[in-house]
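Data first, discussion second: the structure below is written as structure tokens.
Read the numbers this way: they start at 1 and go in the same order the structure lists the ligands and their atoms. Computed from heavy atoms alone, side chains included, the values below leave out hydrogens, waters and symmetry copies.
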Amino acid sequence: MTPLSHIDPHTLPPAEQKSAWRSSVRRIRLQRGEKRNTQHAETLRDLVMALPEFEGVKCASVYVSRSFEPGTLPLIEAMLEQGVEVLLPRLGEGLQRGWSVYSQADDLVPRSPGRPPEPSGDFLPQSRLADADIIVVPALAADTKGTRLGQGAGWYDRALTDARPGVPIVALVFDDEFHDAAERPIPREWHDVPVMIVVRPSGVARIVA
Ligand SMILES: Nc1nc2c(c(=O)[nH]1)N(C=O)[C@@H](CNc1ccc(C(=O)N[C@@H](CCC(=O)O)C(=O)O)cc1)CN2
Ligand SMILES: Nc1ncnc2c1ncn2[C@@H]1O[C@H](COP(=O)(O)OP(=O)(O)OP(=O)(O)O)[C@@H](O)[C@H]1O
């Protein structure tokens, strides 16, 4: 039998390479302290709101973070305070894609087990994303070519097909989840929608085409 160490992970199909990446990132995320995450969430808020792309934004889409993801609650709250309409992911039957407008923090609760917190407002169709002037997406990792690794449901890749062309797509990751594509490229498939900006606690990276 071939020892596992003799299998070059780069020869695996991209979907399988992605699974291996996900397991590794998830393991590391579980070890990160919650206090640190709270500080990071405030830093990420400040960095996103200082982006030149954020100027004049009237409608934004942001994910609602779970405990081990880069935090977005301070960002969502700050956007609301500035009068921005914030579209949050809303899962319908199965994993049907939709959105609801953010109104208040205590309205964000998991609507069923295994799902991220969601608002209770009207269920808006997937196409409503076309209103967003900036889109903040979750990622387990991102690289310098703008490739993003998600949780593996293809939810955002499908949802992003409704974004207006050219609207900034911003991924939030922790520092050690951003990689130089020349050294550690994230496996990319045909359907993967690249991001234009990667924000991590240590700063902003712009993807150059
Ligand atoms: N915070 C956050 N929100 C996000 C995402 C994310 O990665 N992070 N998503 C990124 O894509 C979308 C949701 N993706 C999801 C993918 C799978 C399951 C899921 O399988 N959940 C349950 C069963 C779901 C059900 O049918 O009720 C499970 O774990 O078994 C949930 C959400 C939109 N919102
Ligand atoms: N635009 C699309 N059209 C059809 N199928 C898609 C599309 N985007 C993704 N998929 C399907 O979803 C599956 C998961 O995709 P992928 O591994 O890229 O998810 P992800 O980007 O990590 O997750 P997410 O987008 O939910 O954060 C893929 O196997 C693919 O078949």
- Message: Quick check on contacts: which atoms of ligand 2 are under 4.0 angstrom from a heavy atom of A153?
- Response: 12 (O), 14 (C), 19 (O), 23 (O), 26 (O)
- Item | Numbering as shown, the atoms of ligand 2 that approach Y156 to under 4.0 Å (heavy-atom distance) | 24 (P), 25 (O), 26 (O)
- Taking atom 26 (O) of ligand 2 as the reference point, the nearest protein heavy atom with its distance: W155 N, 2.8 Å
- Do Q151 and Y156 have a side chain donor and acceptor closer than 3.5 Å? no
- heavy-atom search around atom 19 (O) of ligand 2 in the protein gives G154 N, 3.3 Å
- Task: Find all atoms of ligand 2 within a distance of less than 4.0 Å from any non-hydrogen atom belonging to Q151, and give their numbers and elements.
- Result: 22 (O), 23 (O), 27 (O)
- Query: Would you find a donor on one side and an acceptor on the other, under 3.5 Å apart, between the side chain of R164 and the backbone of A130?
  - Reply: yes
- When you measure from atom 21 (O) of ligand 2 to every protein heavy atom, which one gives the shortest distance, and what is it? D157 OD2, 2.7 Å
- Query: Judged by atom type as modelled, is there a donor-acceptor pair below 3.5 Å linking the side chain of D107 to the main-chain atoms of S120?
  - Reply: yes
- Item | For R158, atoms of ligand 2 separated by under 4.0 Å from a heavy atom | 1 (N), 2 (C), 4 (C), 5 (N), 6 (C), 7 (C), 8 (N), 10 (N), 11 (C), 12 (O)
- May I ask you to say whether R45 pairs ionically with E81, meaning some side-chain N is under 4.0 Å from a carboxylate O? no
- Item | Protein contact to atom 3 (N) of ligand 2 [nearest heavy atom, distance to 0.1 Å] | W190 CH2, 3.8 Å
- Report yes or no: do L108 and F68 belong to one cluster of Ile/Leu/Val/Met/Phe/Trp/Tyr joined by side chain heavy-atom distances under 4.5 Å? no
- Query: Does even one non-hydrogen atom of W21 get within less than 4.0 Å of ligand 2?
  - Reply: no
- Who's the nearest protein heavy-atom neighbour of atom 9 (C) of ligand 2, and how far? H191 CD2, 3.2 Å
- At a heavy-atom distance under 4.0 Å, which protein residues reach ligand 1? Sort them by chain and number, would you? Y63, V64, S65, R66, E69, P89, L91, L95, S112, G114, R115, P116, P138, Q151, A153, W155, Y156
- Query: Counting N and O atoms only, with roles assigned by atom type, does the side chain of Q126 sit under 3.5 Å from a partner on the main chain of T161, one being a donor and the other an acceptor?
  - Reply: no
- Is D192 paired with K145 through a side-chain N to carboxylate O contact shorter than 4.0 Å? no
- Partner of I197 by side-chain contact (heavy atoms from CB on, under 4.5 Å), out of L47, V170, I207: V170
- Note on the structure: Numbered in order shown, the ligand 2 atoms found under 4.0 Å of a heavy atom of R148 are 21 (O), 24 (P), 25 (O), 27 (O)
- Item | Aromatic plane relationship, H40 with F174 - under 30° parallel, 30 to 60° tilted, over 60° perpendicular | tilted
- With a 4.0 Å heavy-atom cut-off (strictly under), which part of D192 contacts ligand 2: side chain, backbone, both or neither? side chain
- Message: Looking at G154, is its backbone amide N or carbonyl O close enough to the side chain of R158 to form a donor-acceptor pair, meaning the two atoms are under 3.5 Å apart?
- Response: yes
- Item | Among E189, R22, K18, closest by any non-hydrogen atom to atom 18 (O) of ligand 2 | K18
- Item | Those atoms of ligand 2 less than 4.0 Å from some heavy atom in G152 | 14 (C), 19 (O), 20 (P), 22 (O), 23 (O)
- side-chain contact (heavy atoms from CB on, under 4.5 Å) assessment of L75 paired with L44: CA-CA 7 Å; L75 174 64; L44 294 170; over 6 Å; no
- Task: Show the numbers, then the answer: is there a side chain to side chain donor-acceptor pair (under 3.5 Å) between S127 and D162?
- Result: CA-CA 6 Å; S127 57; D162 277 307; 5.7 Å; no
- Which segment of Y63 sits under 4.0 Å of ligand 2 when only heavy atoms are counted: neither
- Note on the structure: From the list P70, S65, P138, P201, side-chain contact (heavy atoms from CB on, under 4.5 Å) with L172 holds only for P70
